[in-house]
Chemist: 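Pasting in a structure now, in structure tokens, and then I'll have a few things to ask.
The figures here come from the full heavy-atom set of this structure, side chains too, leaving out hydrogens, waters and symmetry mates.
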Amino acid sequence: MKSLETKKKSIYNLTSELMYQFAAIGFGIIIPRMFLLNLGSETNGLVSSVTQILTYVALVEAGIGAAALQALYKPINNNDRFEINGIISATRRFYDKVGGVYLSILLLLAFIFPFTVKTDISYFTIVFVVIVSGIPSVISYFFQARYVIFLNANGKAYISKNIITITFVATSALKIIFLYSGFGVVLVQGISIVGTFIQAFYIELYIRRHYNWLSTTDIPNFDSIKQSKNALIHQIAWIVTSNTDVVILTYFAGLKTVSVYTIYKLLLSVVDGIVNSILNTIHYILGKKYQESKEEYIKYFDIIEVLIVTLSFSLFLIARTLILPFLRIYTSGIEDINYIDNVLSYLFVIAHILVEARSPSWETISVAGNFKETQKVSVYEAVINLSFSLLLVKFMNIYGVLLGTILASTYRLVRMVEYSNKDILNRSTINTYRRYIINTILFLLLSFLINNFFGLLSLNDYYQIFAFAVVLIIIVVPLFLFTTLIFEKNVRSNLLYLIKNLRSEGN
């Protein structure tokens, strides 16, 4: 029965994740295009810069979420309500402090940031853009973050994700209407505040109705989330790696270059979203399996790693093939800066593959709670990224910051693979590296074939691009998966065994 319940939760989580990703992809493409046409590249760059800077402010969260999530797996698995309430109460106290500190920094930043950027946008417009962009996080810290963590650890991420999707669709539709009607950037960005209030209200209502025993005022168990400081170091490294580029470009290349960067990143985030949907769905399963049996966990891990690696390489190959034809249409009529750059497309794809391919190894470190043991790796990654990006941006502009990110991500991938396999799973790294090598060879071979046989193919509208994307997905994704599985005897047998068990439990 427990396995059947886990299966149902996984299906619900995957469905809700995919629904959100489809909505995010659709609106994520439409809204920036309207920003560019109605407000210009500079305003689009401003919003992107503010968003990235606020991720640095979010470091005041101090790794509480990751530590609390990992700490909840065991008591939830054992149905230990006393321990659960202790963890949630400690988490609530931390988040109350975080919310206050974040709000103070947000207000201070709002009045200082306009002096640090060179732009024709007015001072008070920037002030209010910063404030309205940060208020949703304040609401989350004070009212809903603790409950979202509990639902995620309990395998019910779909509860919070569903309401997030509904409010996201509603607020995004309003943004489009406001942009079309000629409203300014402050009002457009401020719409998200209403959506976040609705989310917080719904989630609290759900918790009170279905988990009336859950308390945020019990004796707090601060020891349970003592690894939050170690998780924070990982969080800092990730934020530096994923957001340094935009911040450096803001001050060394200008907001228009930031706009170019964010448009490429936006389009490739479609693939990130698909991969992350799978990871978010199975995080609960991996946490549960790790607590039950490491041997069983390894079987699940190998299946998931094969799936994630093959999807990452195959989908990013397709994205690389289609991104420039798409951009030619998407940025038509926008002449304040050039968005079409072949070299840039390759650099972005490499950077994204390095991040997604290592994600199964990071999942293992996360569910094992080994934040302290791997924190040095995160620090070195951040140092490599920041150092090389600052050095190279002077000579290579946007290419330089991407090369810095690639170097740092390569280092982290190697160290994460080494640690997760050797120190946690007690085995060789040969399986993981074999998967990388096979998929890299396929990526290079198919890139050459596609460029030579389809390079002259004229894609003149979105319908043609979509049709070609469907054809590539049908051919390329199975080709990557089946080729990889040829060299994966154990994964094939474990996968068949898992499918047979799920079918028998379903009957």
Chemist: State the CG-CG distance between L179 and L174, to the nearest 0.5 angstrom.
Modeler: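 CG of L174 is found 11.0 Å from CG of L179.
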Chemist: For R208, I'd like to know if atom CZ has over 12 heavy atoms of other residues, nucleotides or ligands within 6.0 Å.
Modeler: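 No, not enclosed.
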Chemist: Mind checking whether S140 and Q199 have side chains closer than 4.5 Å, heavy atoms only?
Modeler: no
Chemist: Go through K299 and E296 one step at a time and tell me if the salt bridge (charged side-chain N to carboxylate O under 4.0 Å, His left out) criterion holds.
Modeler: CA-CA 5 Å; K299 292 179 181 178; E296 281 295 305; 3.5 Å; yes
Chemist: Would you indicate whether M34, at its atom CE, is surrounded by more than 12 heavy atoms from other residues, nucleotides or ligands within a distance under 6.0 Å?
Modeler: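 Counting other residues, nucleotides and ligands, CE of M34 exceeds 12 neighbours.
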Chemist: Checking side-chain contact (heavy atoms from CB on, under 4.5 Å) against R435, which of V491, I308, T310 comes through?
Modeler: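 Among V491, I308, T310, the one that satisfies the side-chain contact (heavy atoms from CB on, under 4.5 Å) with R435 is V491.
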Chemist: Hey, does D272 have a side-chain heavy atom less than 4.5 Å from the side chain of E356?
Modeler: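 Answer yes - side chains close enough.
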Chemist: Aromatic rings Y206 and Y211: how do their planes relate, parallel, tilted or perpendicular, breaks at 30° and 60°?
Modeler: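 The rings of Y206 and Y211 sit tilted, inter-plane angle from 30° to 60°.
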Chemist: Is the shortest heavy-atom distance from the side chain of S172 to the side chain of I31 under 4.5 Å?
Modeler: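 Side-chain contact under 4.5 Å: yes.
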Chemist: Assign the ring pair F168 / F27 to parallel, tilted or perpendicular, where the plane angle (0 to 90°) is split at 30° and 60°.
Modeler: perpendicular
Chemist: Kindly determine whether L46 and F113 satisfy side chain to side chain contact (heavy atoms under 4.5 Å, CB included), including the steps that lead there.
Modeler: CA-CA 11 Å; L46 170 67; F113 179 68; 4.0 Å; yes
Chemist: Is it true that a side-chain atom of S160 and a backbone atom of A157 form a donor plus acceptor pair closer than 3.5 Å?
Modeler: yes
Chemist: For the residue pair N85 and W213, what are the closest heavy atoms and their distance?
Modeler: ND2-O, 3.4 Å
Chemist: Which distance, rounded to the nearest 0.5 Å, do you find between the CG of L214 and the CZ of R81?
Modeler: 9.5 Å
Chemist: Check P360 against E305 and note the closest heavy-atom contact, atom names and distance.
Modeler: CG-CA, 3.9 Å
Chemist: Please walk me through it: do I193 and V132 pass side chain to side chain contact (heavy atoms under 4.5 Å, CB included)?
Modeler: CA-CA 7 Å; I193 297 173; V132 298; 4.1 Å; yes
Chemist: Taking D423's backbone N and O only, do any of them form a donor-acceptor pair with R427's side chain (distance below 3.5 Å, no angle check)?
Modeler: no
Chemist: Roughly how far apart are E363 CD and Y300 OH, rounded to 0.5 Å?
Modeler: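 Going from the CD atom of E363 to the OH atom of Y300 covers 15.5 Å.
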Chemist: Rounded to the nearest 0.5 Å, what's the gap from CG on L413 to OG on S361? Could you check?
Modeler: 7.0 Å
Chemist: In sequence, state the C-alpha distance, the side-chain angles, and the governing distance for V186 and F124, and then conclude on side chain to side chain contact (heavy atoms under 4.5 Å, CB included).
Modeler: CA-CA 10 Å; V186 175; F124 283 106; over 6 Å; no
Chemist: What's the shortest heavy-atom distance between S89 and T216, and which atoms?
Modeler: OG-C, 3.2 Å
Chemist: Of all heavy-atom pairs between E381 and Y411, which one has the smallest distance, and what is that distance?
Modeler: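 Minimum heavy-atom contact is N-CE2, 4.0 Å.
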Chemist: Do you know which two heavy atoms are closest between G99 and Y141, and how far apart they sit?
Modeler: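 Shortest heavy-atom separation between G99 and Y141 comes out as CA-CB, 3.8 Å.
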Chemist: State, with a plain yes or no, whether a side-chain heavy atom of P32 is found less than 4.5 Å away from one of Y330.
Modeler: yes
Chemist: Give the C-alpha distance, both sets of side-chain angles, the deciding distance and a yes or no for side chain to side chain contact (heavy atoms under 4.5 Å, CB included) between L54 and L109.
Modeler: CA-CA 9 Å; L54 288 178; L109 176 67; 4.0 Å; yes
Chemist: If you count heavy atoms of other groups shown closer than 6.0 angstrom to OH of Y180, is the number above 12?
Modeler: no
Chemist: How far does CG of L108 sit from CD1 of I105, to the nearest 0.5 angstrom?
Modeler: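 The distance works out to 8.0 Å.
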Chemist: Is atom CZ of F22 surrounded by more than 12 heavy atoms (other residues, nucleotides or ligands) closer than 6.0 Å?
Modeler: no
Chemist: Rounded to the nearest 0.5 Å, what separation is found between the CD1 atom of I149 and the CD1 atom of I88?
Modeler: 7.0 Å
Chemist: Are the side chains of D302 and N490 in touch, meaning some heavy atoms are under 4.5 Å apart?
Modeler: no
Chemist: Without swapping roles, check the side chain of Y123 against the backbone of F111 for a donor-acceptor pair under 3.5 Å.
Modeler: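 It does hold such a pair.
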Chemist: Would you say the side-chain atoms of N13 pair up with the backbone N or O of Y158, donor to acceptor, closer than 3.5 Å?
Modeler: yes
Chemist: Looking at T171 and S192, what are the two nearest heavy atoms and their distance?
Modeler: CG2-CA, 4.5 Å
Chemist: Looking at L485, I want to see if its CG is surrounded by more than 12 non-hydrogen atoms of other residues, nucleotides or ligands under 6.0 Å.
Modeler: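 Counting neighbours around CG of L485, more than 12 heavy atoms of other residues, nucleotides or ligands fall under 6.0 Å, so yes.
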Chemist: Once you measure the plane-to-plane angle for F348 and Y264, does it fall in the parallel (<30°), tilted (30-60°) or perpendicular (>60°) bin?
Modeler: parallel
Chemist: Any side-chain heavy atom of V47 within less than 4.5 Å of one from V185?
Modeler: yes
Chemist: May I ask you to test the H352-V271 pair for a side-chain heavy-atom distance under 4.5 Å?
Modeler: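 Not touching, per the 4.5 Å side-chain cut-off.
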Chemist: In terms of relative ring orientation, are F197 and F143 parallel, tilted or perpendicular, with 30° and 60° separating the classes?
Modeler: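 F197 vs F143 ring planes: tilted.
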Chemist: State whether a side-chain donor-acceptor pair under 3.5 Å links T364 with Y297.
Modeler: yes
Chemist: Any side-chain to backbone donor/acceptor pair from S366 onto W362? Under 3.5 Å, distance only.
Modeler: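 No.
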Chemist: Taking C-beta and beyond as the side chain, do F35 and V188 meet within less than 4.5 Å on heavy atoms?
Modeler: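 With C-beta onward as the side chain, the pair touches.
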